[in-house]
Amino acid sequence: MTTASICTIGDEILIGQILDTNSAFISKALGKAGIKVVQMVSCSDSASDIMNTVKRCLRASDIVITTGGLGPTKDDITKAVLARLSGSKRMKTSRKQLSIIKNILLSRGIEMLDINRAQADVPENCTVIPNSIGTAPVMQFKFGKERFGRNNLLFAMPGVPFETENATADVIAAIQAHYKLSKIFHRTVCTFGIAESTLSKQIEDWENSLPQNLHLAYLPNPVLGVRLRLSIYGIGQKEGLEELDRYTESLKKILGNAVYGQGETNPQTVIGEMLLERGATVSTAESCTGGYLAHLLTEIAGSSRYYWGSVVSYDNSVKMNTLGVSPKTVKKYGVVSSQCVKEMAEGVRRVIGTTYSIATSGIAGPGGGSPDKPVGTLWMAVSGPNGTVTKTMVSKSTRMINIKRFAASALDLLRRSLLDGTI
């Protein structure tokens with residue numbers, strides 16, 4: 001299988017001043033083309049760091065793609081380093097890139113300077129892929145097996161994200177012209193409600209039975225749950241998809257209702273589809289989640305067809321005066337209790353007039369906990385025509401992660417309750 005390394009160059013990445021979005025974009029494009037990314041690295045603007053990092057990448061993979069360090073200022077030295085690496089003795093001018101630079105500067109009303117003109121100068125032994133929307137061209141270098149133990153291709157791309165994204169298709173085309181690529185196929189199974197470690201134990205025998213060219217990755221997320229990504233390498237499309245279908249179906253049988261979907265879906269999208277199928281509506285009553293549950297539901301375009309509204313009952317007076325929670329319930333059980341969220345869910349469903357409702361009350365932290373109700377405790381409830389279901393959980397994380405996990409768990413309680421008809 002053809003492999004690739006991605007190297008981002010720039011001190012601004014290493015100090016956290018900017019996020020490296022280029023690596024993610026390039027990696028996705030390479031994966032779709034059938035190229036396995038084996039590493040992503042970042043290095044400083046130092047000439048020695050660039051040289052040493054690129055050499056390591058060339059030894060580790062067939063293809064190396066760098067981004068950054070191709071600008072017109074003195075700190076942009078990638079081109080000079082790669083000229084030395086490739087053994088170029090002189091520079092040549094890319095007439096096509098020079099024309100693009102002139103047009104870009106003219107459209108912006110900027111005078112052409114020598115440093116702008118110099119961006120069209122490239123090492124003599126590189127192939128130029130013109131950058132149609134920027135001033136720095138993409139440079140392609142070839143290295144024989146005698147240099148780094150492989151027949152390498154090296155691409156130097158600009159660091160500006162929209163320029164990188166625009167040029168990626170041309171880089172992929174150049175790679176396809178050089179290598180015979182096999183396909184990589186992915187399938188993602190989305191689960192919720194089972195911790196990653198528990199999930200791993202539950203599917204241990206199934207995972208151990210996977211063939212050598214089929215790989216499993218665990219992708220945990222507080223809102224999305226644990227996504228299980230299956231990847232299969234070095235196989236034809238028909239055989240690859242059939243293999244993924246077979247193992248996906250066997251995985252679903254093991255996990256049952258913990259699986260809520262496949263691919264890039266999320267719990268709120270699935271909930272919306274379930275409600276639309278039933279011609280049903282939902283409302284929310286939130287305390288500890290502070291509106292985040294409503295935020296998740298309204299992220300989905302068209303959610304107004306089934307989501308009617310929310311009461312953020314952060315203060316106890318709102319719970320009692322607006323939702324109708326009994327003062328006796330609050331006094332006897334507290335607001336973080338099964339009894340309170342039950343009355344909250346039934347109250348908001350009654351007040352707003354929806355088919356179903358969801359309620360949350362808990363302690364997001366970092367303070368406010370007690371021995372019997374520690375920080376991270378949540379009580380949630382879902383209510384519908386057939387009754388009300390409550391459930392508790394504890395999430396030991398930061399305040400924001402707790403809030404996200406609380407809201408997503410409440411959505412999952414509604415999903416499961418709809419599936420088994422308990423509400």
Under 4.5 Å between any side-chain heavy atoms of [X] and [Y], yes or no?
X	Y	value
Phe406	Thr360	no
Leu419	Met274	yes
Ile358	Val282	yes
Thr355	Arg278	no
Val318	Val311	yes
Ser357	Ser283	yes
Ser361	Lys319	yes
Leu214	Leu244	yes

Give a yes or no on whether the backbone of [Y] and the side-chain of [X] come within a donor-acceptor separation of less than 3.5 Å.
X	Y	result
Arg150	Ala60	yes
Ser61	Cys57	yes
Ser370	Lys373	yes
Asn152	Asp62	yes
Asn116	Leu113	yes
Thr392	Leu378	yes
Thr191	Val226	yes
Arg59	Phe148	no

If you round to the nearest 0.5 Å, how far is [atom2] of [Y] from [atom1] of [X]?
X	Y	atom1	atom2	value
Ser395	Ile403	OG	CD1	10.5 Å
Leu14	Asp49	CG	CG	8.5 Å
Glu286	His295	CD	NE2	11.0 Å
Thr265	Glu273	OG1	CD	6.0 Å
Leu210	His215	CG	NE2	9.5 Å
Gln119	Asn131	CD	CG	9.5 Å

Inset, instruction - Output, in order, the C-alpha distance, side-chain angles, deciding distance and verdict of side-chain contact (heavy atoms from CB on, under 4.5 Å) for Leu30 and Ile172. - result: CA-CA 7 Å; Leu30 292 172; Ile172 296 295; 3.6 Å; yes
Taking all non-hydrogen atoms of both residues into account, name the closest pair between [X] and [Y] and its distance.
X	Y	result
Ser182	Met1	OG-CE, 3.1 Å
Leu418	Tyr356	CD2-CZ, 3.4 Å
Ala174	Gln140	CB-OE1, 3.5 Å
Ala408	Pro222	CB-O, 3.6 Å
Ala280	Tyr306	O-CB, 3.5 Å
Gln97	Gly134	NE2-O, 2.9 Å

Inset, instruction - For atom CD1 of Ile133, decide whether the heavy atoms of other residues, nucleotides or ligands shown that lie under 6.0 angstrom number more than 12. - result: yes
Legend entry - Among Val259, Leu219, Leu251, the one residue meeting side-chain contact (heavy atoms from CB on, under 4.5 Å) with Leu228: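 Going through Val259, Leu219, Leu251 one by one, the side-chain contact (heavy atoms from CB on, under 4.5 Å) with Leu228 is satisfied by Leu251 alone.
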Legend entry - side-chain contact (heavy atoms from CB on, under 4.5 Å) partner of Met157, chosen from Thr8, Leu70, Thr78, Thr164: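 Single side-chain contact (heavy atoms from CB on, under 4.5 Å) partner of Met157 among Thr8, Leu70, Thr78, Thr164: Thr164.
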Examine the side chains of [X] and [Y] and answer whether a donor and an acceptor come within less than 3.5 Å of each other.
X	Y	answer
Asn166	Ser132	yes
Thr388	Ser383	yes
Thr284	Ser310	yes
Ser250	Trp206	yes
Asn402	Ser397	no
Asp245	Thr248	no

Inset, instruction - Please step through side-chain contact (heavy atoms from CB on, under 4.5 Å) for the pair His186 and Leu230, ending with a clear verdict. - result: CA-CA 5 Å; His186 301 289; Leu230 283 164; over 6 Å; no
Legend entry - Under-4.0 Å salt bridge between Lys238 and Glu242: yes
Inset, instruction - Output yes when Glu346 and Lys342 qualify as a salt bridge under the 4.0 Å nitrogen-oxygen rule, no when they do not. - result: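 Here Glu346 pairs with Lys342 in a salt bridge, since their nearest N and O are under 4.0 Å apart.
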Legend entry - Step-by-step side-chain contact (heavy atoms from CB on, under 4.5 Å) determination, Leu255 to Leu199: CA-CA 9 Å; Leu255 297 177; Leu199 188 61; 3.5 Å; yes
Legend entry - Lys201: partners by side chain to side chain contact (heavy atoms under 4.5 Å, CB included), with sequence neighbours left out: Glu204
Inset, instruction - Check Arg229, Glu207, Arg227 against Tyr218 for a side chain to side chain donor-acceptor pair (under 3.5 Å) and give me the one that passes. - result: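 With Tyr218 as partner, side chain to side chain donor-acceptor pair (under 3.5 Å) holds for just one option, Glu207.
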Exercise answer: donor-acceptor pairs, residues 321-335 side-chain atoms, under 3.5 Å, sequence neighbours excluded:
{"residue": "Asn321", "atom": "ND2", "partner": "Ser317", "partner atom": "O", "Å": "3.2"}
{"residue": "Ser326", "atom": "OG", "partner": "Lys328", "partner atom": "N", "Å": "3.1"}
{"residue": "Thr329", "atom": "OG1", "partner": "Glu343", "partner atom": "OE2", "Å": "2.6"}

Legend entry - Partners passing salt bridge (Lys or Arg N to Asp or Glu O under 4.0 Å) against Arg415 (at least two apart in sequence or in another chain):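 Once residues adjacent in sequence are excluded, the partners of Arg415 under the salt bridge (Lys or Arg N to Asp or Glu O under 4.0 Å) criterion are Asp412.
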Inset, instruction - Kindly determine whether Tyr179 and Leu153 satisfy side-chain contact (heavy atoms from CB on, under 4.5 Å), including the steps that lead there. - result: CA-CA 10 Å; Tyr179 295 102; Leu153 284 186; 3.7 Å; yes
